[in-house]
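Chain identifiers are assigned alphabetically (A, B, ...) following the order of the sequence lines, protein sequences preceding nucleic acid strands; residue numbering begins at 1 within each chain. Keep in mind that what you see is a predicted model, and the values were worked out from it rather than measured.
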Amino acid sequence: MAHTDPLIDVNRLANTAALPPLPRDFYHRDTLAVARDLLGCRLVRYYEGELMIAKIVETEAYRGSEDSACHAHRRKTPRTEAMFGPPGHAYVYLVYGMHWLLNVVTQPEGNPCAVLIRAVEPVSGEAAMRALRDVKGRNLTNGPGKLTRALRIDKTLYGHDMTQPNALWITAGTPPDAVASGPRVGIDYAQPTDRDAPWRLWSEGNPWVSKTR
DNA sequence: AACACGATCCCCT
DNA sequence: GGGGATCGTGTTA
């Protein structure tokens with residue numbers, strides 16, 4: 001399907017110079033700072049000739065060995081291996097047998113932290129995002145499992161280097177006017193201090209933010 | 001057995 | 001159109 005969005009010049013897609021990836025140093029920092037600074041940035045997905053762009057509006061920080069909610073808090077396993085690697089790579093995993101969730105690895109190599117992308121707002125290529133299935137309105141991308149489906153993100157992107165303008169990366173955007181925070185979603189198994197930590201961040205007032213349980 | 005979730009019910013405004 | 005229950009699905013520790 002050819003996109004007709006006037007904001008995107010098809011000729012620029014080949015070199016993607018207009019959408020430079022955030023550099024590795026961006027991710028080589030405190031996880032909560034990265035989670036905050038990713039709000040307003042744009043997730044870029046190039047898949048089968050389609051360019052899809054979506055603004056990040058909700059994130060969660062997962063802070064390694066000291067965070068009992070983090071998958072990597074005990075030891076390295078085949079699943080969590082990517083989190084122990086260098087920052088700027090994708091940590092993608094399956095939950096509940098059917099939903100892929102996208103994280104970006106942060107902090108120096110060996111410190112297994114990541115930021116979960118929980119919700120995005122379509123900016124361009126929305127028709128391609130909707131092509132896969134019939135969903136109404138904001139159900140397209142207002143949750144961590146919904147956005148991966150819309151953007152065709154699955155295990156094939158496990159460990160993918162997101163600092164290169166290829167297949168999946170993040171480019172800078174406009175920070176939100178206000179950032180709100182609260183406890184992370186779906187981590188009842190964590191220690192109380194971790195469970196209650198306000199490490200879920202979102203763009204205040206943005207209607208694409210996920211609905212919590 | 002539990003899981004960083006979503007779709008589909010049902011019922012209530 | 002929204003809150004609550006329920007179940008699907010396959011990987012993980």
Side-chain angles (χ1 to χ4, degrees), chain A residues 27 31-32 34-36 38-39 43 54 56-85 87 89-107 111-122 129-160 162 168 170 180-203 205-213:
Chain A
Y27 302 103
T31 307
L32 195 57
V34 175
R36 179 198 63 220
L38 280 174
L39 295 174
L43 185 60
I56 297 170
V57 300
E58 180 181 350
T59 58
E60 281 178 0
Y62 285 88
R63 311 182 81 178
S65 56
E66 294 173 19
D67 175 8
S68 62
C70 181
H71 288 161
H73 91 104
R74 285 192 183 281
R75 67 191 147 274
K76 189 198 263 188
T77 67
R79 177 174 68 151
T80 61
E81 187 178 9
M83 260 198 281
F84 288 82
H89 289 253
Y91 167 52
V92 179
Y93 72 96
L94 186 66
V95 268
Y96 301 108
M98 53 190 111
H99 308 298
W100 296 101
L101 268 56
L102 171 67
N103 300 250
V104 193
V105 176
T106 60
Q107 304 275 26
N111 186 354
C113 302
V115 172
L116 171 66
I117 310 296
R118 277 197 60 88
V120 299
E121 173 181 350
M129 298 181 206
R130 290 190 186 278
L132 192 63
R133 66 203 169 115
D134 182 32
V135 277
K136 296 213 166 164
R138 295 176 185 131
N139 285 328
L140 183 65
T141 57
N142 69 347
K146 299 176 193 176
L147 72 91
T148 55
R149 202 152 153 83
L151 298 174
R152 319 296 206 274
I153 292 165
D154 62 18
K155 66 177 176 191
T156 62
L157 289 165
Y158 184 90
H160 178 80
M162 296 178 68
L168 179 68
I170 298 172
S181 66
R184 294 169 293 180
V185 178
I187 54 157
D188 290 348
Y189 58 87
Q191 297 297 315
T193 48
D194 296 327
R195 193 186 56 213
D196 301 337
W199 295 344
R200 170 179 174 241
L201 306 176
W202 66 93
S203 300
N206 187 292
W208 292 82
V209 170
S210 73
K211 296 168 173 51
T212 57
R213 282 152 127 54

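Closest to the side chain of A:R133, out of B:dA4, B:dA7, B:dG6, is B:dA7. Closest to the side chain of A:I187, out of C:dA13, B:dC5, B:dA4, is B:dA4. Nearest to the side chain of A:V135, among B:dG6, C:dA13, B:dA7, sits B:dA7. Of the candidate nucleotides B:dA7, C:dT9, C:dT11, C:dT11 has the atom lying nearest to any side-chain atom of A:L94.
Contact check, A:T77 against C:dT12: no side-chain N or O comes under 4.0 Å of OP1 or OP2.
For the pair A:Q191 CD and B:dA4 P, the interatomic distance rounds to 15 Å; values are reported in whole Å. Per the geometry, CG belonging to A:L101 stands 14 Å off C1' belonging to C:dT11, to the nearest Å. Remark: C1' of B:dC5 and CG of A:N103 are 14 Å apart, rounded to the nearest angstrom. The distance between atom NE2 of A:H99 and atom C1' of B:dA7, rounded to the nearest whole Å, is 8 Å. Between A:R184 atom CZ and B:dA4 atom P there is a gap of 11 Å when expressed in whole angstrom units. Separating the CG atom of A:L201 from the P atom of B:dA4 is a distance of 19 Å, rounded to the nearest angstrom. Rounded to whole Å, the distance from CG on A:L140 to P on B:dA7 is 10 Å. Distance, A:L116 CG to B:dC3 P: 16 Å, rounded to whole Å.
Here B:dA7 sits opposite C:dT6 as a Watson-Crick or G-U wobble pair (both hydrogen-bonding atom distances under 3.5 Å).
When only modelled atom types and interatomic distance are considered, A:H71 and A:Y91 share a side-chain donor-acceptor pair under 3.5 Å. A donor-acceptor contact closer than 3.5 angstrom is absent between the side chains of A:R63 and A:T31. For the residue pair A:N142 / A:S210, no side-chain donor-acceptor distance below 3.5 Å is found, with atom types taken as modelled.
Note on A:R79: only backbone sugar-phosphate atoms sit closer than 4.0 angstrom, heavy atoms only; bases stay farther off. Note on A:P144: only backbone sugar-phosphate atoms sit closer than 4.0 angstrom, heavy atoms only; bases stay farther off. At a threshold of 4.0 angstrom between heavy atoms, the contacts of A:A69 include nucleobase atoms, whether or not backbone atoms are also involved. Here A:R118 lies in heavy-atom contact (under 4.0 Å) with sugar-phosphate atoms only. Contacts of A:R195 with the nucleic acid, taken as non-hydrogen atoms under 4.0 Å apart, are absent. Across all strands shown, A:K146 has heavy atoms under 4.0 Å from sugar-phosphate atoms exclusively, and none from any base. Within the 4.0 angstrom heavy-atom criterion, only backbone atoms of the sugar-phosphate kind lie near A:R75; the bases stay farther away. Using a 4.0 Å heavy-atom distance criterion, A:G186 is classed as a sugar-phosphate-only contact.
Within the 4.5 Å cutoff, the side chain of A:T148 has no heavy atoms near those of the A:H99 side chain.
Of the charged side-chain nitrogens involved, none lies within less than 4.0 Å of a carboxylate oxygen, so that A:K76 and A:E81 do not count as a salt-bridged pair. Remark: A:E60 does not engage A:R184 in a salt bridge, criterion side-chain N to carboxylate O under 4.0 Å.
The aromatic ring of A:Y62 is stacked on the base of B:dA4, with the two ring centres less than 5.5 Å apart and the planes inclined by under 30°.
A:Y189 contributes no side-chain N or O that forms a donor-acceptor pair with the base of B:dA2 under 3.5 Å.
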